[in-house]
J.: 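Take this structure first; my questions come after.
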Amino acid sequence: MQLSPLEIIRRESLQKLRDLGINPYPAEEFKTTATIKDIINNFEDFDGKEVVLAGRMMSRRIMGKASFAELKDASGRMQIYINRDEISSDDEGTMYNTVFKKLLDMGDIIGIKGEVFKTKVGEESVNVKELTVLSKSLRPLPVVKTDADGKVHDAFSDNEQRYRRRYVDLIVNDHVKETFIKRTKITTSMREFFNTRGYLEVETPILQPIPGGAAARPFMTHHNALDMPLYLRIANELYLKRLIVGGFDAVYEFAKDFRNEGMDRTHNPEFTVMELYVAYKDYNWMMSMTEELLEKICLDTNNTSEVMIGNNKVSFKAPYPRVPILEAIKIHTGFDVAGMNEVELRDVCKKVGIDVDETMGIGKMIDELFGEKCEHHYIQPTFITDYPKEMSPLTKEHRTNPALTERFELMVNGKELANAYSELNDPIDQRARFEDQLALSEKGDDEAMFIDQDFIRALEYGMPPTSGIGIGIDRLVMFMTNNASIQEVLFFPQMKPEKKAPSVELNDDEKVLFEMLKKVNKILLNDLKIQSEFSNKKWDKTLKGLTKHNLAKVSNTDDGLFVELI
RNA sequence: GACCUGGUAGCUCAGUUGGUAGAGCACCUCCCUUUUAAGGAGGUGGUCCUGGGUUCGAGCCCCAGCCCGGUCACCA
């Protein structure tokens with residue numbers, strides 16, 4: 001392994017700690033008596049009292065016999081003051097001069113016992129009486145500093161490094177941690193909302209024999225013992241509905257779903273959806289519930305119902321406008337497409353500049369019209385309702401218009417945040433819709449749905465009228481935390497693997513050169529270069545390779561540059 | 001999948017027609033007892049993403065590739 005000079009110094013410090021009888025990785029429990037946040041928030045209660053804290057040393061300012069350092073625990077950051085004569089028991093001041101000043105580094109995890117006080121400059125601090133090494137850090141952390149004006153210097157900002165080493169990102173970038181704390185606040189808030197109403201949180205299979213409930217390309221895997229293919233779920237909808245058939249009135253699941261499709265700023269191959277199904281409700285009820293839920297979530301996480309998303313101020317205060325999709329298309333394109341046949345609709349698409357082809361049905365074209373011409377206008381939360389039947393195979397036919405369905409999507413900041421239906425519970429209609437999908441897939445749509453016979457069988461036993469919703473949790477977190485990229489709200493976004501470390505073995509060129517050198521033992525550098533017949537670049541690289549492996553050495557003597565074996 | 005921009009020290013970044021690889025912070029040595037992004041002085045530190053090529057000479061030019069990011073395509 002190739003170590004940088006900074007890493008070598010730290011490993012030497014590690015050994016020196018051991019030589020002093022200090023275990024750099026002690027096993028004992030370290031009992032703390034407070035958190036940094038507690039102390040800062042309730043300073044008067046702590047002032048003058050003894051506390052025990054543990055955390056990571058994030059900076060250090062050494063001034064002779066006294067020093068200041070910054071300690072960071074899970075709750076916050078605080079200054080500590082360390083005086084040589086107070087933490088050292090011997091005359092040499094070993095604990096201070098050697099351990100603290102020389103052998104500890106930024107990033108080390110330490111425990112301290114000391115007295116809370118405020119410095120002359122007015123900063124809350126702890127005057128350290130005892131210092132304990134809890135874990136030595138062998139790699140240097142990026143040093144991020146914030147000046148008096150709040151300006152950040154040398155931020156650890158390379159996205160590739162931040163995502164690949166999220167742990168470092170979390171250590172040095174406090175705002176990143178905030179995002180993930182908010183993410184948990186959001187899901188906690190939702191659970192509270194549902195649990196208060198008596199809804200049951202459940203778990204359903206991730207490995208499915210038929211990837212149903214949505215139209216998307218699945219990840220495929222294989223079960224060895226059963227010798228059968230299995231798919232990672234693209235949705236859990238059909239399983240949750242089976243539970244409604246089984247007699248639960250309301251079930252919900254926070255589900256990781258997996259879709260084998262392109263990745264971008266708003267798509268990760270695995271993502272989280274909260275799906276909820278409530279019996280005896282319809283999509284109107286679901287709209288009311290959704291706006292109430294989102295207002296609560298926003299208040300719980302941001303203490304206000306308004307948030308900035310990019311340059312837009314968005315209010316989650318209920319209620320939200322409800323706009324039928326055909327109405328939206330009329331508003332934003334000027335065309336009333338209600339009742340149009342496929343030919344007429346294709347004509348409209350061409351007029352507004354949307355590429356169409358023969359495989360596109362009415363549903364697909366309406367979807368395109370909305371997506372291209374309308375979607376981006378809906379910045380404030382808006383329910384878009386009553387989608388055409390063709391694009392909604394799991395949705396109940398509209399109570400007043402058989403061409404439409406009782407479906408809504410919630411648009412926020414021009415993006416889809418949720419999708420909900422009055423669920424189709426007529427098993428005969430459901431079978432017919434699946435067969436329509438099959439026809440579409442034969443027409444060339446490789447994402448049309450598979451037919452799940454057992455799901456239809458369940459419906460045949462009878463499912464109460466039910467409304468269901470799926471809310472994209474990653475997108476919701478992006479909105480609530482004002483992040484434009486899904487990678488900022490996932491701890492570990494999907495990445496291509498890092499390149500492998502260079503091999504420790506000699507490559508072919510190095511082997512050739514090594515063999516030549518073995519024959520002569522020592523030779524003028526230029527002679528060997530000529531003998532090797534390598535290009536300049538290759539020569540340089542190969543010789544450096546040999547010296548790095550400690551097989552050869554270049555020496556500069558009065559007689560010239562020599563290469564010799566070691 | 002296509003195109004565009006990037007990849008240089010632990011971090012953030014410079015690097016001139018192609019001519020000895022730089023700065024700040026970090027690190028090391030020394031001075032300093034309540035300091036404030038970063039007190040003073042001196043020093044160490046490099047696979048310039050990888051592999052080929054052109055050239056007397058490549059961080060820079062050419063070719064191929066890898067990885068991040070962006071735009072588009074795809075995305076019930």
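Throughout, a chain's letter reflects where its sequence line sits, starting with A, and its residues are numbered from 1.
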J.: Would you indicate what Asn419(A) reaches in the nucleic acid, counting non-hydrogen atoms under 4.0 angstrom: base, sugar-phosphate, or nothing?
T.: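 It contacts base atoms.
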J.: Can you see if the side chain of Lys151(A) gets near the phosphate of A37(B) - specifically, an N or O under 4.0 Å from OP1 or OP2?
T.: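 False: Lys151(A) side-chain N/O out of range (4.0 Å or more) of A37(B) OP1/OP2.
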J.: Rounded to the nearest angstrom, tell me the gap between atom CE in Met58(A) and atom C1' in U36(B).
T.: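 Answer to the nearest Å: 17 Å.
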J.: Please tell me which of the listed nucleotides, U34(B), U71(B), U12(B), lies nearest to the side chain of Asn127(A)?
T.: U34(B)
J.: Pair Lys396(A), Asp426(A) - check salt bridge (charged side-chain N to carboxylate O under 4.0 Å, His left out), show working.
T.: CA-CA 8 Å; Lys396(A) 190 175 275 190; Asp426(A) 174 345; over 6 Å; no
J.: Could you check whether Arg475(A) makes a cation-pi contact with Phe271(A), meaning its NZ or CZ is under 6.0 Å from the centre of the six-membered ring and within 45° of the ring axis?
T.: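 Output no; distance or angle outside limits.
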J.: When all nucleic acid strands are considered with a 4.0 Å heavy-atom cut-off, which category describes Val143(A): base, sugar-phosphate, or nothing?
T.: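 Sugar-phosphate, no base atom in range.
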J.: Select one nucleotide: of C67(B), C75(B), C11(B), the one nearest the side-chain heavy atoms of Arg164(A).
T.: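 The answer is C67(B).
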J.: Work out how far the C1' atom of C25(B) is from that of A64(B), and round it to whole angstrom.
T.: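 One C1' to the other, the span is 38 Å.
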J.: Write down the distance separating the P atoms in G15(B) and G19(B), rounded off to the nearest Å.
T.: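 Going atom to atom, P in each nucleotide, I get 13 Å.
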J.: Scan every strand shown for a Watson-Crick or G-U wobble partner of A9(B), both distances under 3.5 Å, and answer none if you come up empty.
T.: none
J.: Give the nucleotide from the list G10(B), C32(B), U12(B) with an atom nearest to the side chain of Asp154(A).
T.: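 Closest nucleotide to the Asp154(A) side chain: U12(B).
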J.: Counting only heavy atoms not in Met263(A), do more than 12 fall under 6.0 Å of its CE?
T.: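 Yes, enclosed.
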J.: Rounded to whole Å, how long is the line connecting atom CG of Leu104(A) with atom P of C28(B)?
T.: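 Rounded to the whole Å, the gap is 11 Å.
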J.: A quick test of your reading: do over 12 heavy atoms of other residues, nucleotides or ligands sit less than 6.0 Å from CG of Asp90(A)?
T.: yes
J.: Could you check whether the side chain of His153(A) and the base of C25(B) have a donor-acceptor pair of N or O atoms closer than 3.5 Å, going by distance alone?
T.: no
J.: More 5' along RNA chain B: Phe156(A) or Asn159(A), using each one's nearest nucleotide?
T.: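 Result of the comparison: Phe156(A).
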J.: Got a donor-acceptor pair under 3.5 Å from the side chain of Arg259(A) to the base of A76(B)?
T.: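 Result: at least one qualifying N/O pair found.
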J.: Can you tell me whether the side chain of Glu123(A) and the base of U34(B) have a donor-acceptor pair closer than 3.5 Å?
T.: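 Answer is no: no donor-acceptor pair is held.
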J.: Please pick, from U12(B), U33(B), A38(B), the nucleotide with the shortest atom-to-atom distance to any side-chain atom of Asn83(A).
T.: U33(B)
J.: Given atom CD1 of Ile8(A) and atom C1' of G10(B), what is their separation to the nearest angstrom?
T.: 13 Å
J.: Can you tell me how far P in G1(B) sits from the matching atom in A37(B), rounded to whole Å?
T.: 50 Å
J.: Between C74(B), A37(B), A76(B), which nucleotide gets closest to the side-chain atoms of Ala215(A)?
T.: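 Nucleotide nearest to Ala215(A)'s side chain: A76(B).
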J.: Please report the distance separating the C1' of G43(B) from the corresponding atom of G53(B), rounded so that it comes out in whole Å.
T.: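 It comes out at 40 Å once rounded to the nearest Å.
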J.: Quick one: is A76(B) close enough that its OP1 or OP2 comes under 4.0 Å of any side-chain N or O from Lys389(A)?
T.: no
J.: At under 4.0 Å, does any side-chain N or O of Gln487(A) touch on OP1 or OP2 of G69(B)?
T.: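 Gln487(A) to G69(B) OP1/OP2: side-chain N or O found under 4.0 Å.
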J.: Does NZ or CZ of Arg407(A) come closer than 6.0 Å to the centre of the six-membered ring of Tyr387(A), within 45° of the ring's axis?
T.: yes
J.: Give Ala155(A) one of three labels, base, sugar-phosphate or nothing, depending on what nucleic acid heavy atoms sit under 4.0 Å from its own.
T.: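 The residue Ala155(A) makes sugar-phosphate contact but no base contact.
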J.: Please report the distance separating the P of U12(B) from the corresponding atom of G69(B), rounded so that it comes out in whole Å.
T.: 15 Å
J.: Considering just the side-chain nitrogens and oxygens of Lys145(A), establish if one lies under 4.0 Å of OP1 or OP2 belonging to U12(B).
T.: no
J.: Whether Arg431(A) engages the ring of Phe434(A) as a cation-pi pair (distance to the six-membered ring centre under 6.0 angstrom, angle to the ring normal within 45°) should be assessed.
T.: no
J.: Pick the P atom in C66(B) and in G51(B), then give their distance to the nearest Å.
T.: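 C66(B) and G51(B) have their P atoms separated by 15 Å.
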J.: Pick the P atom in A9(B) and in C49(B), then give their distance to the nearest Å.
T.: 8 Å
J.: What nucleotide, of U34(B), G69(B), C67(B), holds the atom closest to the side chain of Tyr163(A)?
T.: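 Nearest listed nucleotide: G69(B).
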J.: Does U34(B) have OP1 or OP2 sitting under 4.0 Å from an N or O in the side chain of Lys65(A)?
T.: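 For U34(B), neither OP1 nor OP2 has a side-chain N or O of Lys65(A) closer than 4.0 Å.
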J.: Checking all strands, does Lys102(A) fall into the base, sugar-phosphate, or nothing category for heavy-atom contacts under 4.0 angstrom?
T.: sugar-phosphate
J.: Taking CD from Gln161(A) and C1' from U12(B), how many angstroms apart are they, rounded to a whole number?
T.: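 In whole Å, U12(B) C1' lies 13 Å from Gln161(A) CD.
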J.: Where each residue is assigned the nucleotide of RNA chain B containing its nearest heavy atom, which of Glu86(A) and Arg165(A) is assigned the position nearer the 5′ end?
T.: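 It is Arg165(A), whose closest nucleotide lies nearer the 5' terminus.
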J.: Can you name the one residue among Asp386(A), Thr395(A), Thr385(A) that meets side chain to side chain donor-acceptor pair (under 3.5 Å) with Tyr283(A)?
T.: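 Testing each of Asp386(A), Thr395(A), Thr385(A) against Tyr283(A), the sole residue satisfying side chain to side chain donor-acceptor pair (under 3.5 Å) is Asp386(A).
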J.: Expressed in whole Å, how much space separates the C1' atoms belonging to C62(B) and C74(B)?
T.: 34 Å
J.: Just call it for Ile62(A): base, sugar-phosphate, or nothing, with non-hydrogen atoms closer than 4.0 Å on any strand.
T.: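 The answer is base, as Ile62(A) lies within the cut-off (heavy atoms under 4.0 Å) of a base atom.
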J.: Between P on G46(B) and CG on Leu6(A), what's the gap in Å once rounded to a whole number?
T.: 10 Å
J.: Report yes if a side-chain nitrogen or oxygen of Arg407(A) is closer than 4.0 Å to either non-bridging phosphate oxygen (OP1 or OP2) of A76(B); otherwise report no.
T.: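 No, Arg407(A) has no side-chain N/O under 4.0 Å of OP1/OP2 on A76(B).
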J.: Regarding Ser157(A), tell me which of base, sugar-phosphate or nothing describes its non-hydrogen contacts under 4.0 Å with the strands shown.
T.: sugar-phosphate
J.: Go ahead and name the base partner of U29(B); Watson-Crick or wobble counts if both distances stay under 3.5 Å, otherwise write none.
T.: A41(B)
J.: Round to the nearest Å and state the distance from Arg162(A) atom CZ to G69(B) atom C1'.
T.: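 The answer, rounded to whole Å, is 12 Å.
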J.: Short question: side chain of Glu488(A), backbone of Ser485(A) - any donor-acceptor pair under 3.5 Å?
T.: no
J.: Please round to the nearest 0.5 Å and tell me the distance separating atom CG of Asp367(A) and atom CD of Glu375(A).
T.: 8.5 Å
J.: Let's see if you can work this out: which of C25(B), C32(B), A38(B) has an atom nearest to the side-chain heavy atoms of Arg61(A)?
T.: A38(B)
J.: Could you check which of G69(B), C75(B), C27(B) has an atom nearest any side-chain atom of Ile9(A)?
T.: C27(B)
